[in-house]
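Let me begin by presenting the structure, written as structure tokens, before commenting on it.
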Amino acid sequence: MLDPPAGAAEGRRRRPGKHTVTSSKLVSLADAIARFVPDGSSVAAGLCLEAMIPFAAGHEILRQGKRRLTLIGPISDILFDQLIGAGCVTCVRAAWVGNVITGSGYNFRRAVESGALAVEDHSNLTMAMALKAGAMGLPFMPARTALGSDLFSTHPGLKKMTCPFTGVTLAAVAAIVPDVALVHVQRADVFGNSHAWGCLGVMRDACLASRHVLLTTEEIVPTELITRDPNRVVIPGLRVSAVSHVPWGAHPSPVPGHYNRDHQAFLDYRDQSRSAGAFALWRERWVDGVAQPEDYLDLLGEERMQTLRLQHHAFSEPVDYGY
Amino acid sequence: MLDPPAGAAEGRRRRPGKHTVTSSKLVSLADAIARFVPDGSSVAAGLCLEAMIPFAAGHEILRQGKRRLTLIGPISDILFDQLIGAGCVTCVRAAWVGNVITGSGYNFRRAVESGALAVEDHSNLTMAMALKAGAMGLPFMPARTALGSDLFSTHPGLKKMTCPFTGVTLAAVAAIVPDVALVHVQRADVFGNSHAWGCLGVMRDACLASRHVLLTTEEIVPTELITRDPNRVVIPGLRVSAVSHVPWGAHPSPVPGHYNRDHQAFLDYRDQSRSAGAFALWRERWVDGVAQPEDYLDLLGEERMQTLRLQHHAFSEPVDYGY
Amino acid sequence: MPAYNASELMICAAAREIADGEVVFVGMRLPLLGFLLAKATHAPHAVGVYELGVVREETAAAPILTMGDLPNLHRAAWLADTADVMGLLQSGRVDVSFIGGAQVDRFGNLNTTSVVGTDGAATRLPGSGGACDLACLARRHIILMAHEQRRFVPQVDYITSPGYGDGFGWRERVGLPQGGPASVITTLGVFRFDPATCEMVLSALHPGISVEEVRSKTGWPLKITSALIETPAPSTAELAMIARFDPQRFWTGAAP
Amino acid sequence: MPAYNASELMICAAAREIADGEVVFVGMRLPLLGFLLAKATHAPHAVGVYELGVVREETAAAPILTMGDLPNLHRAAWLADTADVMGLLQSGRVDVSFIGGAQVDRFGNLNTTSVVGTDGAATRLPGSGGACDLACLARRHIILMAHEQRRFVPQVDYITSPGYGDGFGWRERVGLPQGGPASVITTLGVFRFDPATCEMVLSALHPGISVEEVRSKTGWPLKITSALIETPAPSTAELAMIARFDPQRFWTGAAP
């Protein structure tokens, strides 16, 4: 299942075709996933760590019954566990898979212990460097971490090397180039230009490394609102393949400017995933019962959404890009 | 003069002492340079390339007659040429030294051709990777550039290496860890927290790589204005050693939000540096004649400043960091 | 003397490991509370660094349960990329970090990846996250964990986060020239490492705990310092602070 | 036919090298004007990338003289770090780049670092800047320069920006598996490279220029394509566009 030589060779790749500034990339989430996440894809997600996890996009993958996926991310919180529980995944390349607030990911445990899932164990830093190598078009990056650990035994994309200048021992981390990165942002235009803020994790490098970037966004805004602050752009529109308008698309994870973390959903998920049977019920209710994004909001309910919305606002000071 | 093994070994270094959040780092520019730029220092500047060049800080170095400096930067525009002309510099590690709008840097040419100045020739990418290695605490970074060029012959911090995963030939670039980075920003508080926007060049990595960071700033603002937008912070306050309030401190280079590029000053400098004698006159007027930052503004004159100020404003849309 | 539970005691012990002005790579759960307690008491200038790309100088205005909670981003000193904060760590600018583990051994190596049961079956755990990086790259790190015999083993099944390997000189040999665990804070006591051998040594006993109990729950012949002390009990003020940061007792657990 | 000078002709020739939708790493001077002309005419969807960390999809609202001028940042699509835009380049996402040089040789190697005069004395030039990176990493690059015998030499004194080295197979051998110069636009004509030998070949003559003149100003026995054409003269519309982007004729130079 593990394919590190491919990963290592991936540092340089083809451009997926000419970019046309003026053609809209706005599509339904179902269409975006159907088109850009074929069976067998490697999918990067959870790139801002605990925040802005693309749950809606992940659930769409689950709903469409994608198979043989490789998941890529630093810590995944419960999204990876859900996709693993649904049988979509044969390989995980990650530093941590579980439920951040409760610990273990039960579907992950079951899948690994049954032999159904291969794991390439990273640390957060080796994952960051692997994606940075991918972003920079390089086949590898050095790091000082993981030396002396057993990560090397379960991770063929990690080797020891000698610094060509100082002679010290370093870890060499092979590039990771995902087929597609799923990211949730606060606002985007229909061409894929977007603003994201908060903790950014490995989002920038993961998006730059990936062959395709799929955005889900809280808001669709005019292009001029984005280009009025180009330092706020994390991934440029020319690298984005599709944009889908999905308010609350990162729930139950938090989205700066929009809603807080729904801790209760993560606590509930512990029991909802403890057995395969419980997980089937969770899935029926929260994924299969959602035919379109609006259904999810109905399921969540206005009262719960209101408790999660921001109670205190704190706006940035504008900056001037005039001339 | 060149000291690449040191550069290569510099990837890991000591923390310069405990950070105290509540003690002001606001000092006069003269004090900042006197304290943090001793003779023999390696000084990074011009890190946003054509924009936000720390001319005031550089002129203070010149005024204080610092000696045996190593200058570090991608393209330096005319600041490096000025410091070289004043005899402050024995080594330059850069990708390009000249006058962006007119071409050659005459002091640079004279110094190299007379043998007084050593040059470690970079490309913009090898410089970016050398500083990124420094920022990441690594002794080197790989790159795919410069292969087949003669940069290898004049740059001992550049070696060919073989990728440990793919076997392809790569360039290995030794880390650069400047003693001090000089950066000009739009706004900062007295503790060294700051906002910078526009084209950022290698500013982020150069500051993170350097032992000390000296800020000059257009404005001193309350801390809460900075922390209301922490994604706008390029270098965190805990990495900053001193802050000096120097409006117009990057003139004649442009500062987004404040003033346009003073092209005429760069055009004039061509003639003002064509001979050593002309340069002495330039220096007398624009550096030695400036006893304190305000004198520079008088010399510039309100009329000229008015033509450089922004005529069209374009403010960013605020973002919400509430909860 | 106020009533407290083991978690509260561990939080107070963790807080005491932080000196004022230090840069602290903060984890979740008890270490997060220990960091907040330190900042609220003797270390007001400690700076918090979080792996998702957050640097904070001020305590968050509202309680947080995970690092990505919005109050932890509000009024941060820096929101950046993971690579940027990892760069601070890798360049030796982080003084101390905190990590937890499922298994620890006599040289402070930690396992959070996979443990093998007495029946030989492996149980898969979540993995490293940032723990391996913190153990490799912080100037020192502190381990917090429950003290049970199955967790305190002669040799871990898998080294997720390197301690001192097989003893003195090992870190240097494998390419980790600095750092290493400074202490282990458990439900029973506080342990430090013999500089000569790098072996874990019992250094303080929590109130009411006996040496025998610690020995019986430790899977190797445990060494004990000649200057064994009792861990100071939390003060009323400390407990009040902890309650402010964890008002629902989410991490602190049931009140004593 | 409208009057034009050599710079205007070169700008038009440069613009024609850009296809619509391409990602273009834009330099300064004439290539900048060529890029703007292409966007204003046949390549409205071309994207401009600048080494100081700028990506633009729309033409700047006011004329610029250097890349860091504020109108070039205003309403950019992305303002990022140099490393980020260099990552686009290094990962093969830049279709075409433009560079100038002081010296070029028959295999398209460029020198902007140091030239040795007939007296043996070296003249120091500014250096690579981003040129070496563009020559190594763009999918193809275009060279613009004045055509003089001292500049067109059999072998450059210093390879700042690699062309085809010593001929076919050289790039692959040194570790540059793709890219290379696609054309050289000079004050006299347009040159392309023979795919079999990688040698520079005269491909188009500017109006009024003879083959003999080109040969006399080229320091090696120049090959000439069998399908030699005349470079199309700038149209009135093209000249008007150029005047809009360079209203002071700063880069275009004196009007004809």
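Below, each value reflects all heavy atoms present in this structure, side chains not excepted, and no hydrogens, waters or symmetry copies. In what follows, every chain begins at residue 1, and chains take the letters A, B, ... in the order their sequences are listed.
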Give, as side chain, backbone, both or neither, the part of A/F266 having an atom under 4.5 angstrom from any heavy atom of chain C.
-> neither
Would the number of heavy atoms belonging to other residues, nucleotides or ligands and lying under 6.0 Å from CZ of A/F152 be above 12?
-> yes
Applying a criterion of heavy atom separation less than 4.5 Å, what residues of residues 126-134 of chain C form contacts with chain A?
-> C/P126, C/G127, C/S128, C/G129, C/G130, C/C132, C/D133
For A/V255, is it the side chain, the backbone, both, or neither that has a heavy atom closer than 4.5 Å to a heavy atom of chain C?
-> backbone
Nearest non-hydrogen partners of A/V100 and C/R29, listed with the distance | O-NH2, 2.8 Å
A/H263 side chain near C/Q248 side chain, heavy-atom distance below 4.5 Å = no
Measure the CD-OG1 distance between C/E172 and A/T169 for me, rounded to the nearest 0.5 Å.
-> 10.0 Å
Residues in salt bridge (charged side-chain N to carboxylate O under 4.0 Å, His left out) with C/R171, at least two apart?
-> none
Among the listed options A/L47, A/V97, A/L131, A/I75, the residue most often paired with chain C at heavy-atom distances under 4.5 Å | A/V97
Contact class of C/A80 relative to chain A, heavy atoms under 4.5 angstrom = backbone
Contacting region of A/A95 [heavy-atom separation from chain C under 4.5 Å] = both
Should we count CD of A/E113 as having more than 12 external heavy atoms under 6.0 Å?
-> yes
What do the steps show when you test C/M86 against A/T145 for side-chain contact (heavy atoms from CB on, under 4.5 Å), and what is the final call?
-> CA-CA 10 Å; C/M86 285 290 175; A/T145 193; over 6 Å; no
Where is the tightest heavy-atom contact between C/L79 and A/G198, given as atom of each residue plus distance?
-> CB-O, 3.5 Å
Let me know if C/F250 has heavy atoms under 4.5 Å from chain A in its side chain, its backbone, both or neither.
-> side chain
Does any non-hydrogen side-chain atom of A/M127 lie less than 4.5 Å from one of C/T82?
-> no
Given a strict heavy-atom distance threshold of 4.5 Å, which part of A/S76 is in contact with chain C: side chain, backbone, both, or neither?
-> neither
Residue part contacting chain C, namely of A/I101, when any heavy atom lies under 4.5 Å | both
Sort A/H312 into side chain, backbone, both or neither according to what part of it lies under 4.5 angstrom from a heavy atom of chain C.
-> neither
Under 4.5 Å from a heavy atom of chain C, the part of A/L170 involved | neither
Taking atom SG of A/C199 and atom CD of C/E51, what is their separation to the nearest 0.5 Å?
-> 10.5 Å
Close approach to chain A in residues 96-123 of chain C, criterion heavy atom under 4.5 Å = C/T113, C/A122, C/T123
Interatomic distance, CG@C/L125 vs OG@A/S104, rounded to 0.5 Å, equals 6.0 Å
Backbone N/O of A/A143 and side chain of C/Q90: donor-acceptor pair under 3.5 Å | no
Who in residues 63-74 of chain C is close to chain A, using a strict under-4.5 Å heavy-atom cut-off?
-> C/L65, C/T66, C/M67, C/G68, C/D69, C/L70, C/P71, C/L73, C/H74
Turns out that what part of C/W78 lies under 4.5 Å from chain A's heavy atoms comes down to neither
Which bit of A/P256 is near chain C, if near means a heavy-atom gap under 4.5 Å: side chain, backbone, both or neither?
-> both
Heavy-atom contact with chain C under 4.5 Å, split by part of A/A94 | neither
Could you grab the distance from atom CZ of A/R144 to atom CG of C/L137, nearest 0.5 Å is fine?
-> 8.5 Å
Option in A/A128, A/S149, A/G98, A/G105 with maximal non-hydrogen atom pairs under 4.5 Å from chain C = A/S149
Does the side chain of A/L151 reach to within under 4.5 Å of the side chain of C/Y158, using non-hydrogen atoms?
-> yes
Taking the side chain as every heavy atom from C-beta outward, state whether C/V156 and A/D150 have any atom pair closer than 4.5 Å.
-> no
At a heavy-atom separation under 4.5 Å, does A/N260 approach chain C through its side chain, its backbone, both, or neither?
-> both
Using non-hydrogen atoms and a 4.5 Å limit, figure out which bit of A/L267 sits close to chain C: side chain, backbone, both or neither.
-> side chain
